[in-house]
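Chain A is the first sequence line, chain B the second, and so forth, proteins listed ahead of strands; every chain is numbered from 1.
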2 protein chains.
Amino acid sequence: MPPKVKTSAEKQAVRTAIMDAARELFIHQGVEAVTMRAVAQRVGYSATSLYLYFGDKEQLLRAVVDADVIKLAQALKSTLNISDPLQRFLQFGQHYVQFALTNPNHYRMMFMTQHPPCDPALSSIEQNNPEQDAYSQLIGVVTSAWHAGVFKPTLTDPALIAQTIWAAIHGLCALQINLADDAWINWRPLEARVQAMVEMCMYGLMKETPHE
Amino acid sequence: MPPKVKTSAEKQAVRTAIMDAARELFIHQGVEAVTMRAVAQRVGYSATSLYLYFGDKEQLLRAVVDADVIKLAQALKSTLNISDPLQRFLQFGQHYVQFALTNPNHYRMMFMTQHPPCDPALSSIEQNNPEQDAYSQLIGVVTSAWHAGVFKPTLTDPALIAQTIWAAIHGLCALQINLADDAWINWRPLEARVQAMVEMCMYGLMKETPHE
DNA sequence: ATTTAAAAATAACAATGTTAAGTTAACGAC
DNA sequence: GTCGTTAACTTAACATTGTTATTTTTAAAT
């Protein structure tokens, strides 16, 4: 029963209702639980109606994840005004790991699964906007630490430093998310692995060990 | 037309034929291309016959990947008799990265996708057999380097060292495999990133920079 | 020759993403 | 006020998937 003529605000509301329903399934049961029919049922529509709001399932999922990518950027934002560049840097990493491990399904979706190549022009995320783009935040944090003379003098490319740190931290998070319960590996406690990784990065990249 | 009574060697041959067909699809078109029907067609059987040889699709895929996990272990084995512990260590890492990046689909399957928790008792891979178990190889390589006094004296747990290095290298491989074409990131050249990662690990973990 | 059971195929089911074809009802035009 | 028009939505339907149930074929065993 279509009460017809929806203002564009109402349409937007339906869109986000769909996204919320999808997110609910997504977070608690993983991406395989997100079927068009299940999402539709939760939102009180028929499955085919979702196609009035999203081109296909991939676009729906992308929209959900994009929205939460922005949440990541906002979670990290709180660390950006720590005045000491080194502390800012460390807190940034800390928050990143925490986001990854408390939102494993989102993290998986962002960085651990194949996607059609992402076209920044089509994304809902504004590239280089530090409010939304966590990668540009990382570049910023590393660059300012670099200007502060924190890194070894042989390291001359902040982007390369950033990509190396990101890879290392990502590896930690990714293995934890996917293989934490793997009986094959006799994992050391997570906290120990985090600390070991942080120390490795610091000793490996920085001029001298910081105050402690 | 079933010519009946297959010797167990013949049955094994069919099994590996199925696995080879699956691998072919898997390698060149990714895991989504591996449908039971497609595999069956390649091997000249009907789809349902595959269930005579594998319990379900997951088990088939697992068998394929397990076989190639053993190949990884054998590729790494060649580095195990390098006499200098440090060189052995470095070559081991080099070969690991090379395997990951030349077999991205296998690597994805091994370490980048969700699995039902792996029970070592049911695996075709023999845990702790250095011929088959790459993880135990890693532990061995790190432990011997540790005994050789290569690492900083504050590092007292070879398993923790190994897990940290693995995570770092894995992060490098995983990001390359999934996000290499992502226009969002202005990636530095792969070689530069590999070298930066290796250097970070070495300066971060080792007592002193090696001969050069 | 008849029976038996292994080896395979065909038919069929349920779930999924998606498209095509209706259905309902609010609005504008006369 | 009646009558299209069309937005908003639903129901049917299709193709593809993994998988099971049922049936067929055929080499061997008796």
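- The distance between atom NZ of B:K57 and atom C1' of C:dA15, rounded to the nearest whole Å, is 14 Å.
- For A:G55 and A:E32, each mapped to the nucleotide of DNA chain C holding its nearest heavy atom, the one lying further toward the 5' end belongs to A:E32.
- Taking atom CE of A:M36 as the reference point, atom P of C:dT18 lies 6 Å away to the nearest angstrom.
- Scanning residues 43-53 of chain B for heavy-atom distances under 4.0 Å to DNA chain D yields B:T48, B:Y51.
- Put simply, CZ on B:R37 is 11 Å from P on D:dT19, counting in whole angstrom units.
- Taking the six-membered ring wherever Trp is involved, the centroid distance between the rings of B:H106 and B:F26 falls below 6.0 Å.
- If you measure from atom CD of A:Q29 to atom C1' of C:dT16, you get 16 Å, rounded to the nearest angstrom.
- Within 4.0 Å of A:V39, counting heavy atoms only, lies no atom of the nucleic acid at all.
- Counting to the nearest Å, the P atom of D:dC9 and the CZ atom of A:R15 are 14 Å from each other.
- Side chains of B:E199 and B:Q195: a donor-acceptor N/O pair is present below 3.5 angstrom, by distance only.
- For the residue pair A:W166 / A:Y135, no side-chain donor-acceptor distance below 3.5 Å is found, with atom types taken as modelled.
- Between B:L25 atom CG and D:dT17 atom P there is a gap of 11 Å when expressed in whole angstrom units.
- Residues A:N81 and A:S78 come closest through the heavy atom pair OD1-O, 3.2 Å.
- Computed from coordinates, the A:Q41 CD to D:dC9 C1' distance equals 17 Å when rounded to whole Å.
- Checked against a 6.0 Å centroid threshold, the rings of A:F111 and A:Y107 count as neighbours.
- In this structure, B:E58 places its CD atom 13 Å from C1' of D:dG18, rounding to the nearest Å.
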**Study point:** A:V194 and A:M197: CA distance, side-chain angles, deciding distance, side chain to side chain contact (heavy atoms under 4.5 Å, CB included) verdict
**Key:** CA-CA 5 Å; A:V194 172; A:M197 180 61 81; 5.8 Å; no

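- Under the rule for a salt bridge (Lys or Arg N to Asp or Glu O under 4.0 Å), A:R193 has no partner lying at least two apart in sequence or in another chain.
- At the heavy-atom level, A:V34 lies under 4.0 Å from the strands shown only through sugar-phosphate atoms.
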